[in-house]
Amino acid sequence: MSEEQPVFKVVDRRPFNPDGTPRELTEQEKEEADRAAKTAAVENAAAKVMSSETQPRAQPQSRPAPAARPEPRPARPAGDPLDDPASFLSLIMSLASNAAASLGMMPHPVTGETGVDLQTAKHWIDILGMLEQKTQGNLDEQEAQVIDNLLADLRMQYVSLTNAPTPPPSKFSASDITGGR
C-alpha cells in the first residue's frame with residue numbers, strides 16, 4: 001500500500017509585509033479581493049433591503065448610464081450609517097427595497113405578496129441610478145460600493161425578467177404553484 005500525502009499550497013494573503021509596509025498584490029489577488037468585497041457588500045445590502053420599508057409607487061423615468069467615475073472619498077470614522085435613519089445609506093437601502101419588491105425578490109411588507117411589476121421596478125432603479133450619478137465624487141467608499149453593487153444586482157434581475165420568454169405573473173398564488181388543483 002502506498003500512502004500518498006495530500007499536497008497543500010500555502011498562500012500568504014496578508015496585506016502587509018513583516019515590516020508593516022503594504023504588500024504589492026498580484027493581478028489575480030486584486031481581482032479576488034475586489035470580487036470578495038463586492039460579494040460581501042451585496043450580501044450586507046441584501047440583508048438590509050429585506051428589513052427596510054417600502055415607499056409609494058411613481059411613474060418610470062429613464063436615465064442614460066453614467067460615464068467615468070471620480071475616486072470615492074475615504075470612509076467616515078462614525079458608527080454604522082444604517083443605524084441613522086436619515087443617512088444616505090438608509091435612503092439607498094429604502095429605495096433598493098422598493099425595487100427589489102417590484103422585481104419579486106422579496107414579499108411586499110404590507111400584503112405579504114410576491115409580485116413582479118417591471119414598470120415600477122424600472123422607476124426605482126432609475127432613481128437609484130440618478131442618485132449615483134448626481135453624487136459621484138461626494139460619497140465615501142462604503143456608500144459608493146453599496147450603491148454600485150445594489151444597482152448591478154437590481155439591473156441584472158430586471159434584465160433577466162424583461163428577457164424571459166414569458167412575462168412573469170404580476171401576482172403569485174397557490175394555484176400558480178399547484179397548477180390550479
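Keep in mind the model is a prediction, meaning the values are calculated, not measured.
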[X] [atom1] to [Y] [atom2] distance, which is reported to the nearest 0.5 Å:
| X | Y | atom1 | atom2 | value |
| --- | --- | --- | --- | --- |
| Leu128 | Met93 | CG | CE | 10.0 Å |
| Glu132 | Glu143 | CD | CD | 12.5 Å |
| Gln145 | Asp148 | CD | CG | 8.0 Å |
| Trp124 | Asn98 | CH2 | CG | 4.5 Å |
| His123 | Asp117 | NE2 | CG | 11.0 Å |
| Leu103 | Thr114 | CG | OG1 | 12.0 Å |

Between Thr162 and Val159, is there a donor-acceptor pair closer than 3.5 Å when you use the side chain of the first and the backbone of the second?
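Yes, Thr162 side chain to Val159 backbone: donor-acceptor pair under 3.5 Å.
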Where [X] and [Y] come nearest, the two heavy atoms and their spacing:
| X | Y | answer |
| --- | --- | --- |
| Leu131 | Thr135 | O-OG1, 2.6 Å |
| Ala99 | Leu154 | CB-CD1, 3.8 Å |
| Thr120 | Ser102 | CG2-OG, 3.3 Å |

Among residues at least two apart in sequence or on other chains, which ones pass side-chain contact (heavy atoms from CB on, under 4.5 Å) with [X]?
| X | answer |
| --- | --- |
| Asp19 | Asn17, Thr21 |
| Ser160 | Gln157 |
| Gln28 | Thr26, Glu32 |
| Asp153 | Val42 |

For the pair Leu89 and Ile147, evaluate side-chain contact (heavy atoms from CB on, under 4.5 Å) and give the outcome as yes or no after the intermediate values.
CA-CA 8 Å; Leu89 282 180; Ile147 196 167; over 6 Å; no
Test item: side-chain donor near acceptor, Ser87 and Ser90, under 3.5 Å
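Checked: Ser87/Ser90 side chains pair up, N/O donor to acceptor below 3.5 Å.
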Would Leu95 and Leu150 count as a side-chain contact (heavy atoms from CB on, under 4.5 Å) if you check the C-alpha gap in whole Å, the side-chain angles of each, and the deciding distance to 0.1 Å?
CA-CA 10 Å; Leu95 296 174; Leu150 282 172; over 6 Å; no
